2 protein chains.
Amino acid sequence: MKENTGISKYVMLGMLARMPQTGYTIKKWIENEYSHFWQESFGQIYPTLKKLVAEGLAVSSDNTQSGNGRGQIVYSITDTGRKELSDWLRKEPKIEKLRYEILLKISFGENIEPEVLLGHLDSFIRRNEKLVKDMNGYIELFKKLKEQDIDCSYSQLTALCGVYVYSAMRDWAIEAKKIISEKGVDDHETKGS
Amino acid sequence: MKENTGISKYVMLGMLARMPQTGYTIKKWIENEYSHFWQESFGQIYPTLKKLVAEGLAVSSDNTQSGNGRGQIVYSITDTGRKELSDWLRKEPKIEKLRYEILLKISFGENIEPEVLLGHLDSFIRRNEKLVKDMNGYIELFKKLKEQDIDCSYSQLTALCGVYVYSAMRDWAIEAKKIISEKGVDDHETKGS
DNA sequence: TCACGCATGTAAGATGTTACATGATTAA
DNA sequence: TTAATCATGTAACATCTTACATGCGTGA
């Protein structure tokens, strides 16, 4: 019973709850819509999907040679799978693992010229600006889909979270640049290497 | 040459660049000051520290029975270690791995009663409020230390980032609650289980 | 004496990524 | 015909967490 692939299992279940899908399309969804808070690789997806079937949480309709490519495998969620998913959804979420390499580098900033940090912050700002734009793009898309009676309100909420967080990151980086360039430079000079 | 323990190696180097330390104190620092953007476990720390010594990036002064406990091992960074650290600091940071379980659950929200989501968001808000408070506490502490000529400006910057991000998270969650309770409830009702 | 904090360490397992292999279809 | 995209999969490796074992010092 302790043989699951951690949370990936529930990610797959949640994706299949939307509609029957292939591992490939699940990957695409996660890349596009989820990248700002979750990521999965094929090396996780395909084995997990097989496990779901083995556990009776999904069924695979092997459409060999039907569609395109080498014969795609469409997975659908079962009732047991839906039950498993909603049980998990009820549990209080706790995993919040973030690893921001840039913050690590900033925090070790006294070991490097401030100009290097300013450079890192510049690309960080650009990256976050792009992400905010992307997220707003998704929100617009979801709004349009809603006009066609396709409801994506929950995905829209996560995109909104992206807007909030990426904007905050950008604002922080701008402020950090200001603080570093105002007083960080002479700091390093007086110390030398 | 591909035998490093990933980024943990540089985290250790950065910690030792501040002052000679034991693995235990490094863990404490990371838990307190870094938890919002990085985490390391003893299972990573101790082996990594040994590797640093093997690679000549640090030296261990084995103060057996000197301090308290079973005999602590104090590690210090070498010149080669400092060089390695600053080389790494120069490289553009890219790792940004975040896994927010709560966003996953929100995005699968249509499979559960909205009340469950509202509950998750409530504890999320409380958690972020506490974190903002903690971060502000650190900033105050760092300011006081600066009056005593102990410079923590770079750590202060990362704490500031915490303030920005956690505030954004809290604000988003408040907004999300509003959106869900305004229209999410009847949505689920019309669908049934 | 007993619990707790300090302190180090390892083994096992869980988790995750990367690189590779395969091969069909589609569009240029 | 060639490249890209669709599509599945595995093996090797890298990484990370968890649980455990050890044991001293300090204060209640």
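Naming: A, B, ... by sequence-line order, numbering from 1 per chain. Note that this is a predicted model, so its numbers are computed, not measured.
What separates CD of A:Q72 from C1' of C:dG23 is a distance of 14 Å, to the nearest Å. Per the geometry, CD1 belonging to B:I7 stands 12 Å off C1' belonging to D:dT15, to the nearest Å. Atom-to-atom, NZ of A:K94 to C1' of D:dT18 comes out at 14 Å; the value is rounded to the nearest Å. We find that CD of A:Q39 is positioned 16 Å from P of C:dT15, with the value rounded to whole Å. Atom CZ of A:R99 is separated from atom P of C:dT15 by 16 Å (rounded to the nearest Å). Per the geometry, NZ belonging to A:K9 stands 15 Å off C1' belonging to C:dT15, to the nearest Å. Remark: C1' of C:dT15 and CZ of A:F42 are 18 Å apart, rounded to the nearest angstrom. Between the CD1 atom of B:I45 and the P atom of C:dT8 there is a distance of 10 Å, rounded to whole Å.
Taking every side-chain heavy atom of A:S41 into account, C:dT18 is the closest of D:dT5, D:dT17, C:dT18. Side-chain proximity of B:Q44 to C:dG16, D:dT15, D:dT10: nearest is D:dT15. Among D:dG9, C:dT8, C:dG16, the nucleotide with an atom closest to any side-chain atom of A:I73 is D:dG9. If you check D:dA7, C:dG9, D:dG9 against the side chain of B:Y75, the one that comes closest is C:dG9. Set against C:dG9, C:dT8, D:dT8, the side chain of A:T22 has D:dT8 as its closest nucleotide. You'll find that the side chain of A:T25 is closest to D:dA7, out of D:dA7, C:dT17, D:dG9.
Residue B:K27 has no polar side-chain atom (N or O) positioned under 4.0 Å from OP1 or OP2 of C:dG9. Contact annotation: A:Y46 side-chain N/O to D:dT8 OP1/OP2 distance is under 4.0 Å. Side-chain N/O atoms of A:S8 include one lying less than 4.0 angstrom from OP1 or OP2 on C:dG16.
Geometric assessment of B:K28 against the ring of B:Y24 yields a positive cation-pi assignment under the 6.0 Å and 45° thresholds. B:K105 forms a cation-pi arrangement with A:W88, by the criterion of a distance under 6.0 Å to the ring centre and an angle within 45° of the ring axis.
Taking 4.5 Å as the limit, some side-chain heavy atom of B:L104 sits within range of a side-chain heavy atom of A:Y34.
Using a distance-only test at 3.5 Å, with no hydrogens or angles considered, no donor-acceptor pair links the side chain of A:R170 to the main chain of A:V132.
Under 3.5 Å, the side chains of B:T22 and B:Y75 contain no donor-acceptor pair of N or O atoms. The closest side-chain donor-acceptor pair between A:W38 and A:E40 falls under 3.5 angstrom. With hydrogens and angles left out, the side-chain atoms of A:E31 and A:S35 include no donor and acceptor closer than 3.5 Å.
B:G43 comes within contact range of at least one nucleobase, with a heavy-atom separation under 4.0 Å.
Toward the 5' end of DNA chain C, the nearer of the two residues B:K28 and B:K50, judged by each one's closest nucleotide, is B:K28.
Among all heavy-atom pairs drawn from B:E84 and B:L57, the shortest one is CB-CD2, 4.0 Å.
Axis angle, first five pairs versus last five pairs of the helix from C:dT1-D:dA28 to C:dA28-D:dT1: 30°, rounded to 10°.
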